[in-house]
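Below you'll find the structure, written out as structure tokens, and then a few comments.
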Amino acid sequence: MTTSLQHLLEEKKMTLIVSLPENRTDLAQAAIRARADAIKMHVNVHHRASGNRFADVQTYSETFKKIREEFSGPLGVVPGGSFEDISKSEMQKLTELGFDFYSIYAHHKPSWMLGLEGIEKTFAISSDYQIDRFSKVKHFGVTALEASIVPGEEYGSPLTFNDVLAYNQLAANLDVPVLVPSQRKLESHDIPILYQAGVKAVMLGAIVTGKTEESMEKAISTFREAIDSL
């Protein structure tokens with residue numbers, strides 16, 4: 001039985017999630033070797049940070065099965081890049097393939113997804129959202145919020161104190177943990193200040209990890225060491 005994302009967020013000072021730039025077993029294996037706590041993948045979406053287009057669930061079903069066999073931590077998925085891309089049948093397939101949680105922008109998320117059973121629910125907010133309007137969301141069955149609040153044109157730039165203050169505001173006001181994806185080019189030395197801001201997880205993607213086994217394993221290991229040193 002896999003560990004739940006909620007359990008990790010409650011028990012660990014900070015959780016290390018890796019968002020794969022492609023749905024490939026070798027990249028997942030690099031994340032596993034570097035001791036990622038959780039791994040996230042994508043279907044039905046064009047991913048801005050990695051530049052990749054991800055196909056439907058069926059395209060990757062064998063890959064997903066293999067990764068699930070090799071990884072005992074939580075497996076997450078972004079099930080679509082728009083409201084129209086989300087289907088009940090594919091969500092059922094994803095659950096059957098062993099995915100433990102999903103993440104999707106709130107404005108892409110059909111309301112019926114809140115009623116899904118057997119999978120943890122996280123949601124993302126973008127730079128278009130007013131972060132001061134967020135407070136109580138746990139009663140919707142939400143496990144965590146992904147703070148994807150950096151404007152697209154600023155992807156890959158360094159973390160600023162302004163970002164830290166925004167994450168801190170979300171963490172202080174929300175009743176669920178805050179996850180921070182690497183829209184900025186996060187460095188391992190950012191981990192202590194993010195922890196101080198109340199961030200409960202970082203999600204490393206292509207901007208930080210690169211797109212090869214070697215670059216991923218090296219980058220993730222550096223963050224693993226920083227988190228373990230908290």
Side-chain angles (χ1 to χ4, degrees), residues 1-10 15-29 31-32 36-50 52-126 137-148 176-179 181 200-201 203-206:
M1 185 174 179
T2 60
T3 305
S4 70
L5 179 64
Q6 182 174 341
H7 178 79
L8 289 179
L9 295 171
E10 288 174 351
T15 295
L16 179 57
I17 306 171
V18 173
S19 179
L20 299 185
E22 295 180 58
N23 297 332
R24 286 169 32 195
T25 54
D26 61 326
L27 299 183
Q29 287 162 351
I32 293 167
D37 293 315
I39 295 173
K40 189 180 83 168
M41 289 172 275
H42 300 74
V43 293
N44 303 313
V45 65
H46 173 245
H47 191 242
R48 184 198 291 255
S50 69
N52 285 333
R53 291 189 178 274
F54 295 88
D56 61 11
V57 177
Q58 191 59 39
T59 303
Y60 306 110
S61 59
E62 292 306 312
T63 298
F64 291 158
K65 287 176 186 176
K66 183 169 176 54
I67 294 171
R68 178 73 285 175
E69 289 171 1
E70 297 186 12
F71 184 57
S72 60
L75 276 185
V77 65
V78 176
S82 71
F83 185 89
E84 293 76 21
D85 289 331
I86 314 298
S87 73
K88 293 182 180 180
S89 61
E90 286 214 326
M91 288 307 303
Q92 179 63 34
K93 288 178 188 173
L94 288 164
T95 304
E96 291 169 357
L97 286 165
F99 282 91
D100 302 289
F101 70 96
Y102 68 72
S103 179
I104 187 169
Y105 280 111
H107 59 285
H108 291 164
K109 180 173 178 170
S111 58
W112 57 258
M113 290 186 76
L114 288 166
L116 289 175
E117 296 182 356
I119 190 165
E120 291 184 276
K121 305 158 187 67
T122 77
F123 73 100
I125 61 172
S126 71
V137 295
K138 192 173 184 177
H139 60 289
F140 290 118
V142 171
T143 297
L145 176 143
E146 182 180 334
S148 300
V176 295
V178 172
L179 322 181
K200 288 297 292 180
M203 185 181 296
L204 304 183

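Treat the numbers as computed from the prediction; the structure is a model and nothing was measured.
T143 places none of its side-chain heavy atoms less than 4.5 Å from the side chain of V176. Under the 4.5 Å side-chain criterion, counting only non-hydrogen atoms from C-beta, M41 is not in contact with T63. A 4.5 Å side-chain heavy-atom check between L27 and P21 finds at least one atom pair inside the cut-off. Annotation: side chain of E146 is in contact with side chain of P181 (closest heavy-atom distance under 4.5 Å). Using a 4.5 Å heavy-atom cutoff, the side chains of L204 and L16 are in contact. At a threshold of 4.5 Å between non-hydrogen side-chain atoms, the residues T3 and L8 count as touching. Looking at heavy atoms from C-beta onward, P79 lies in side-chain contact with I104 at the 4.5 angstrom threshold. The shortest distance between side-chain heavy atoms of P74 and H7 does not fall below 4.5 Å.
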Check against side chain to side chain contact (heavy atoms under 4.5 Å, CB included), V18 and M203: CA-CA 5 Å; V18 173; M203 185 181 296; over 6 Å; no
Run the side chain to side chain contact (heavy atoms under 4.5 Å, CB included) test on Y102 and L94 for me, step by step, so that the C-alpha distance in whole Å, both residues' side-chain angles and the decisive distance to 0.1 Å come before the verdict. CA-CA 9 Å; Y102 68 72; L94 288 164; over 6 Å; no
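Evaluation of the side chain to side chain contact (heavy atoms under 4.5 Å, CB included) rule for I32 yields I39, E70, F71 as partners, not counting sequence neighbours. Contacts of F64 classified as ring pair (Phe, Tyr, Trp, His ring centres under 6.0 Å), with partners at least two apart in sequence or in another chain: Y60, F99. Contacts of D56 classified as side chain to side chain contact (heavy atoms under 4.5 Å, CB included), with partners at least two apart in sequence or in another chain: N44, Q58, T59, E90. Residues passing the side-chain hydrogen bond (donor to acceptor under 3.5 Å, both in side chains) test with N23: none are found, sequence neighbours excluded. Every side chain to side chain contact (heavy atoms under 4.5 Å, CB included) that K88 has, sequence neighbours left out, goes to W112.
Summarising the geometry of F54 relative to E22, their closest heavy-atom pair is CE2-CA, 3.9 Å, with the distance given to 0.1 Å. Taking each heavy atom of H42 and S19 in turn, the nearest pair found is CE1-OG, 3.1 Å.
Tested against K40 for a side-chain contact (heavy atoms from CB on, under 4.5 Å), the candidates V78, L75, V77 yield a single pass: V78.
Atom OG in S4 sits 7.0 Å away from atom CD in E10 (nearest 0.5 Å). Taken to the nearest 0.5 Å, the CD1 atom of I67 stands 11.5 Å off from the CD atom of E62. Atom NE2 of H108 and atom CD1 of I86 lie 8.5 Å apart (nearest 0.5 Å). Distance CG/L145 to OG1/T122: 8.0 Å, rounded to 0.5 Å. Separation of atoms CG (D37) and CG (L5) is listed at 9.5 Å; rounding is to 0.5 Å. Put simply, CD on Q6 and OG1 on T15 are 11.5 Å apart, with the number rounded to the nearest 0.5 Å.
Sorted by first and then second residue, the salt bridge (charged side-chain N to carboxylate O under 4.0 Å, His left out) pairs involving residues 95-124 (not counting sequence neighbours) are R68-D100.
With hydrogens and angles disregarded, no donor-acceptor distance shorter than 3.5 Å links the side chain of Y105 to the backbone of G81. Although no hydrogens or angles enter the test, the distance criterion places no donor-acceptor pair under 3.5 Å between the side chain of K200 and the main chain of V178.
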